[in-house]
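Okay, structure first, notes after.
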Amino acid sequence: MSKKIVVALGGNAILSDNASAKSQQDALVKTAKQLVELVKKGNQLIISHGNGPQVGNLLLQQQAADSEKNPAMPLDTCVAMTQGSIGYWLTNAMIQELKVAGIDKEVVTVVTQVVVDENDPAFANPTKPIGPFLSEEEAKAQMNATGATFKEDAGRGWRKVVASPKPESIVEYKVINRLVEEDVITISAGGGGIPVVGEELRGVEAVIDKDYASAKLAELVHADQLIILTGVDNVAINFGKENQESLTNVSVSQLEKYKAEGHFAPGSMLPKIEAAIDYVNNNPSSQAVITSLENLEFLGNEGVGTIISK
Ligand SMILES: Nc1ncnc2c1ncn2[C@@H]1O[C@H](COP(=O)(O)OP(=O)(O)O)[C@@H](O)[C@H]1O
Ligand SMILES: NC(=O)OP(=O)(O)O
């Protein structure tokens, strides 16, 4: 049966071995091939994606700016720039792969603004890891030199952290829905969306978590399913330990219990779990799925992916 699906792409669907434009474009061609499998099944896709590595790199590139002729761009604008670059690569890759599959469908990237609360406590407590992974020594040297905050990221190294307020609404969600009704594949809410506040939609310095933004988008467009693609086939309890156990079908209440027991690392798996719980609580007849890109074509088979239901 045809479904309206929000698919959120994690880091490894965009970045493989390095962060060059060519390498990211190549990774997105592979991703597009998998996404087209969902289109072949008659589904309507609304694609979102992360930007943590890309926006962090872009912010570092701003250090080459001088203050007048070539000013540094603020973080909200850097988020918009990554929506543009990743959106361009992915639109292009989707058009090519749809052509190969003989499917006549249009694809468009929507520059998407996401409303946040300017009093969100997240502004006083940066938690969102962005940019490259550093050693502890490198991170501490950067902290001393720039005053920026760096934190250890889920056992993988140290990264710069920035404010990450919760998405409250999505400015363009109605036009995204109209595009879906017109059978257009949209790429939207990239990098969690451009964070804006107030009636005047003023941009603020933050990076919204793309899992929360994708769940909000799925809620607003009344999607049938939210699929979060990441680096693992399944969510696990006791992750990385000898008694690690993969989750296949799990209820929201069971997942809440595992969350309270601390099974999900903040900054990596925890936002996906919270996004999935929020989405399913707000859309009780829908399902959230967390799995790998490679598993996408096998979704629906017994034991494939972690399926979260009410
Ligand atoms: N309980 C868990 N189950 C599965 N993976 C986990 C768990 N806790 C942490 N992880 C790690 O979190 C990663 C996903 O986070 P991350 O790489 O930050 O997300 P993204 O794919 O959106 O870029 C997984 O690939 C895995 O290495
Ligand atoms: N904005 C965002 O959440 O990006 P990542 O998923 O790449 O961390």
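Just so we're clear, the structure is a prediction, and the values are computed from it rather than from any experiment. All ligand and atom numbering here is 1-based and tracks the order in the structure.
Distance from atom 18 (O) of ligand 1 to its nearest protein heavy atom, with residue and atom name: R156 NH2, 3.2 Å. Regarding atom 8 (O) of ligand 2, its nearest protein heavy-atom neighbour is K128 NZ, 2.8 Å.
For the pair S164 and ligand 2, no heavy-atom separation below 4.0 Å is found. No heavy atom of Q54 sits closer than 4.0 Å to any atom of ligand 2.
Interface atoms of ligand 2 facing I208, defined by a heavy-atom separation under 4.0 Å, are 1 (N), 2 (C), 3 (O). Each of the atoms 1 (N) of ligand 1 lies under 4.0 Å from some heavy atom of H263. Near D209, the atoms of ligand 2 lying under 4.0 angstrom from a non-hydrogen atom of the residue are 3 (O).
Proximity of K272 to ligand 1, defined as any heavy-atom pair under 4.0 Å, is confined to the side chain (atoms from C-beta onward). Residue R159 does not touch ligand 1, judged by heavy-atom distances below 4.0 Å.
Considering backbone and side-chain N/O atoms, V235 never comes within less than 3.5 Å of an N/O atom of ligand 1. Of the polar atoms of A236, at least one N or O is found under 3.5 Å from an N or O of ligand 1, judged by distance alone. For ligand 1, none of its N or O atoms has an N or O atom of N234 under 3.5 Å away.
Checked for salt-bridge contact, E181 and R178 miss the test: no charged N lies under 4.0 Å from a carboxylate O. Using a 4.0 Å cut-off between charged nitrogen and carboxylate oxygen, E261 and K257 count as a salt-bridge pair. Taking a cutoff of 4.0 Å between a charged side-chain nitrogen and a carboxylate oxygen, D26 and K30 do not qualify as a salt bridge.
Across all non-hydrogen atoms, the minimal contact from I228 to A275 is CD1-CB, 4.3 Å.
Exactly one of K272, K166, K216, K128 qualifies for a salt bridge (charged side-chain N to carboxylate O under 4.0 Å, His left out) with D209. That residue is K128.
Annotation for F133: atom CZ counts as buried by contact number, over 12 foreign heavy atoms lying within 6.0 Å.
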